[in-house]
Amino acid sequence: MSDFITKRAEDINQWYNDLVIKGELADYSSVRGCMVIKPYGYALWENMRDALDKMIKDTGHVNAYFPLFVPKSLFEAEEKNAEGFAKECAVVTHYRLKNDPNNKGKLIVDPEAKLEEELVVRPTSEAVIWNTYKTWVQSYRDLPLLINQWANVVRWEMRTKLFLRTAEFLWQEGHTAHATQAEAIEETKKMLGVYADFTENWLAIPVYQGVKSESERFAGADDTYTIEGLMQDGKALQCGTSHFLGQNFAKAFDVKYQTTEGKDEYVWATSWGVSTRLIGALLMTHSDDKGIVMPPKVAPHQVVFVPFLHEKKPEQNQILIDKCNEFVTQFKAKGIRCKIDTDLMKRPGFKFAEHEMKGIPVRIVFGPRDLEENVAEVARRDNLSKESISQDKLVDHVENLLTEIQANIYNRAKEYRNTNTRECTDYEDFKSKIAEGGFVITHWDGTAETEEKIKEETKATIRCIPYDYEQTAGKCIYSGKETKHRVLFARAH
RNA sequence: AGGGAUGUAGCGCAGUCCGGUAGCGCACCUGGUUUGGGACCAGGGGGUCGCAGGUUCGAAUCCUGUCAUCCCUACCA
């Protein structure tokens with residue numbers, strides 16, 4: 001039946017698409033590569049956004065908003081950055097349409113309305129922002145500048161995948177300016193830490209923190225720090241990045257400040273971002289063959305009540321619904337997000353399956369039988385177990401259960417990630433481990449050539465030089481050269 | 001961008017080879033029986049077959065072009 005989710009073992013890509021579409025998070029749209037985020041998916045994003053926004057503000061940043069369009073001349077100012085994004089930019093060339101004289105009721109682009117200078121739809125906002133910072137920074141007193149924006153950006157991707165890679169996506173991008181290199185590097189690392197904290201503690205996705213190799217670096221950055229997750233298909237997913245931009249943008253946009261000694265110095269910069277891709281990461285990390293498994297902390301609904309309603313028994317229905325409402329009030333007082341399923345038409349079994357597909361962490365069932373016995377049936381989504389709980393203990397029980405589920409799915413994901421992170425010193429062994437999926441930790445001689453060869457031969461890329469693994473001496477797995485780099489390889493999304 | 005596949009009702013599909021005026025399942029509407037893990041029976045509404053041309057008395061079906069989507073590569077948050 002089409003209402004069921006494709007099994008992971010059958011077709012993991014279809015499984016993922018089913019989670020998104022049948023879980024009602026998003027829909028395909030009539031715009032190439034762009035999706036419609038549906039209310040349930042957007043509620044999830046709002047919860048994620050609100051939590052992260054607070055963390056960003058708690059670390060001293062403030063929000064602002066910069067324009068969607070970047071004049072081409074500004075865009076090309078930082079050469080490496082421009083070059084890196086050039087192939088995937090949407091460009092506005094005209095500002096007016098007019099009626100087609102040859103085709104009634106149709107419109108054409110008015111050739112008279114060509115823009116003097118093309119506008120690039122931002123694929124990222126460094127250019128507009130640094131052009132603005134130029135006027136904001138005069139003195140060391142203006143620093144640091146710690147600004148974040150929530151925005152949409154457009155990258156004209158060839159192949160798109162719901163949430164993981166869409167032509168337009170939502171994200172936050174932080175852009176900071178500092179007086180010293182040390183302070184900027186500290187900021188870069190600090191924000192990576194915020195991302196790791198957020199993905200692990202809110203989304204329950206374990207991540208490796210580390211530094212990108214040069215070839216994987218953000219265009220225009222001196223260093224890119226990353227958090228990398230492992231998805232259930234054995235592929236790594238870059239979940240967020242934090243860039244140390246050096247003085248590249250300061251020089252390109254001439255952003256200088258006067259020191260206490262009265263000298264002019266270029267400022268030091270960082271930028272960092274996470275996107276709606278994190279929704280894809282969350283789905284691919286926790287979900288199962290029955291559907292989505294939402295981490296309680298960001299789940300749009302944390303608890304769903306299913307009263308056993310009977311079309312022919314309105315009095316009984318009302319008693320059951322009243323009972324639900326009584327508990328909803330108590331849950332809401334504790335900040336727990338609830339929903340009551342009062343649909344008369346659908347049978348309980350159907351509702352159970354539906355709520356499981358959408359990943360609601362806890363289901364509470366009230367039937368006439370439960371009322372008589374003064375209990376409720378409580379089912380948890382993460383391990384599909386259920387138990388009968390006395391009503392006077394229900395609120396505390398569920399509150400604890402949400403915490404337990406959050407911890408359980410994190411531990412489960414971490415165990416999967418850990419057992420699929422393997423050490424390796426032999427190239428043949430490396431190839432077979434990479435083919436099986438997961439991360440492989442191994443020595444690399446630090447050259448782009450070796451990295452490229454390994455990518456060609458195995459499709460694996462260096463995800464990062466991880467914090468978690470000691471940088472001990474050893475032999476490069478490919479060239480055999482002595483090296484101190486130990487890196488994480490994986491096939492990636 | 002290269003390779004493969006697919007566009008027919010809201011969704012999933014059959015019909016296309018061999019042209020004759022569109023069908024099935026789910027969903028939806030009405031009525032009834034059901035209701036502790038995806039109910040059943042009966043009746044009913046909805047599409048001119050992605051789009052644009054062409055061939056033909058006649059095109060979902062044949063031809064040309066075009067657009068879109070999915071999968072595998074390549075690129076990326």
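Lettering of chains follows the sequences in order, A, B, ..., and the numbering in each one begins at 1.
Considering only side-chain N and O atoms, Arg347(A) lies under 4.0 angstrom from the phosphate OP1 or OP2 of rG36(B). Put simply, Arg369(A) has no side-chain N or O that comes within less than 4.0 Å of OP1 or OP2 on rG36(B). For Lys312(A), a side-chain nitrogen or oxygen approaches OP1 or OP2 of rU33(B) to under 4.0 Å.
For Glu356(A) and rG37(B), the CD to P distance is 12 Å, given to the nearest whole Å. Atom CE of Met48(A) and atom P of rA77(B) are 17 Å apart (whole Å). Between Asp370(A) atom CG and rG37(B) atom P the separation is 12 Å, expressed in whole Å. Phe308(A) places its CZ atom 10 Å from the P atom of rG38(B), with the value rounded to the nearest Å. Rounded to an integer number of Å, the gap from CG of Leu170(A) to P of rA77(B) is 17 Å. Remark: P of rU34(B) and CD of Glu311(A) are 11 Å apart, rounded to the nearest angstrom. Atom-to-atom, CZ of Phe169(A) to P of rC76(B) comes out at 13 Å; the value is rounded to the nearest Å. Protein atom CZ of Phe352(A) is 14 Å distant from nucleotide atom C1' of rA39(B), rounded to whole Å.
Base contact: Pro368(A) has a heavy atom under 4.0 Å from a base atom. When heavy atoms are screened at a 4.0 angstrom cut-off, Gly367(A) is found touching base atoms of the nucleic acid. Note on Gln238(A): only backbone sugar-phosphate atoms sit closer than 4.0 angstrom, heavy atoms only; bases stay farther off. Within the nucleic acid shown, Lys386(A) comes within 4.0 Å of at least one base atom, counting heavy atoms only. Using a 4.0 Å heavy-atom criterion, one finds that Thr166(A) contacts the bases of the nucleic acid, with or without backbone contacts as well. Among the heavy atoms of the strands lying under 4.0 Å from Val365(A) is at least one base atom, whether or not backbone atoms are also near. Heavy atoms of Gly280(A) sit nowhere under 4.0 angstrom from any nucleic acid atom.
Side-chain atoms of Gln209(A) do not come within 3.5 Å of backbone N or O of Ile227(A) as any donor-acceptor pair.
Distance noted for atom C1' between rC49(B) and rA9(B): 10 Å (whole Å). Across rC76(B) and rC17(B), the matching P atoms stand 46 Å from one another, rounded to whole Å. rG12(B) and rU6(B) are spaced 15 Å apart, taking the P atom of each and rounding to whole Å. rG4(B) and rA22(B) are spaced 36 Å apart, taking the P atom of each and rounding to whole Å. Nucleotides rG15(B) and rA59(B) are separated by 14 Å at their C1' atoms, to the nearest Å. On the P atoms, rA14(B) is 38 Å away from rG32(B), given to the nearest whole Å. A gap of 27 Å separates the P atoms of rC63(B) and rC11(B), to the nearest Å. For the P atoms, the distance from rG3(B) to rG10(B) is 33 Å, rounded to whole Å.
Cation-pi geometry between Arg363(A) and Phe352(A) is met: under 6.0 angstrom from the ring centre, within 45 degrees of the axis. Geometrically, Arg369(A) does not engage Phe308(A) in a cation-pi contact defined by less than 6.0 Å to the ring centre and at most 45° from the axis.
Taking the six-membered ring where the residue is Trp, the centroids of Phe253(A) and Tyr133(A) are separated by 6.0 Å or more.
Base pairing of rC40(B) is made with rG32(B), judged by Watson-Crick or G-U wobble geometry with both donor-acceptor distances under 3.5 Å. Pairing of rC51(B), defined by two Watson-Crick or G-U wobble distances under 3.5 Å, is identified with rG65(B). Across every strand in view, rG58(B) sits unpaired, with no contact that passes the Watson-Crick or G-U test at under 3.5 angstrom. Pairing partner, rC26(B): rG10(B), with both Watson-Crick or wobble hydrogen-bond distances short of 3.5 Å.
Mapping Glu88(A) and Gly349(A) onto RNA chain B by nearest heavy atom places Gly349(A) closer to the 5' end of the strand. Judged by closest nucleotide on RNA chain B, Lys351(A) is the one of Lys351(A) and Arg165(A) placed further toward the 5' end.
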Tabulated below should be each protein N or O lying under 3.5 Å from an N or O of nucleotides 70-73 of chain B; please produce it.
from: rC71(B); atom 1: OP1; to: Asn17(A); atom 2: ND2; distance (Å): 3.4
from: rC71(B); atom 1: OP2; to: Arg159(A); atom 2: NH2; distance (Å): 2.7
from: rC72(B); atom 1: OP1; to: Asn13(A); atom 2: ND2; distance (Å): 2.5

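Classification of the His301(A)-Tyr40(A) ring pair by plane angle, with boundaries at 30° and 60°, yields parallel. Using cut-offs of 30° and 60° on the angle between ring planes, the pair Trp272(A) and His61(A) is perpendicular. Ring geometry for Tyr427(A) against Phe430(A) counts as parallel: the plane angle stays under 30°, on a 0 to 90° scale with 60° as the upper cut.
With contacts defined as side-chain heavy-atom distances shorter than 4.5 Å, the pair Lys351(A)/Asp343(A) qualifies. Residues Thr447(A) and Tyr478(A) have side chains not in contact (no heavy-atom distance under 4.5 Å, counting atoms from C-beta outward).
Each ring-ring contact (aromatic ring centres under 6.0 Å, His included) pair with one or both residues in residues 213-234 of chain A, not counting sequence neighbours, appears once here: Phe85(A)-Phe218(A), Phe218(A)-His243(A).
Using modelled atom types and a 3.5 Å distance limit, the side chains of Asn13(A) and Lys161(A) yield a donor-acceptor pair. Between the side chains of Ser215(A) and Arg217(A), not a single donor N or O lies within less than 3.5 Å of an accepting N or O.
Scanning residues 215-228 of chain A for heavy-atom distances under 4.0 Å to RNA chain B yields an empty list.
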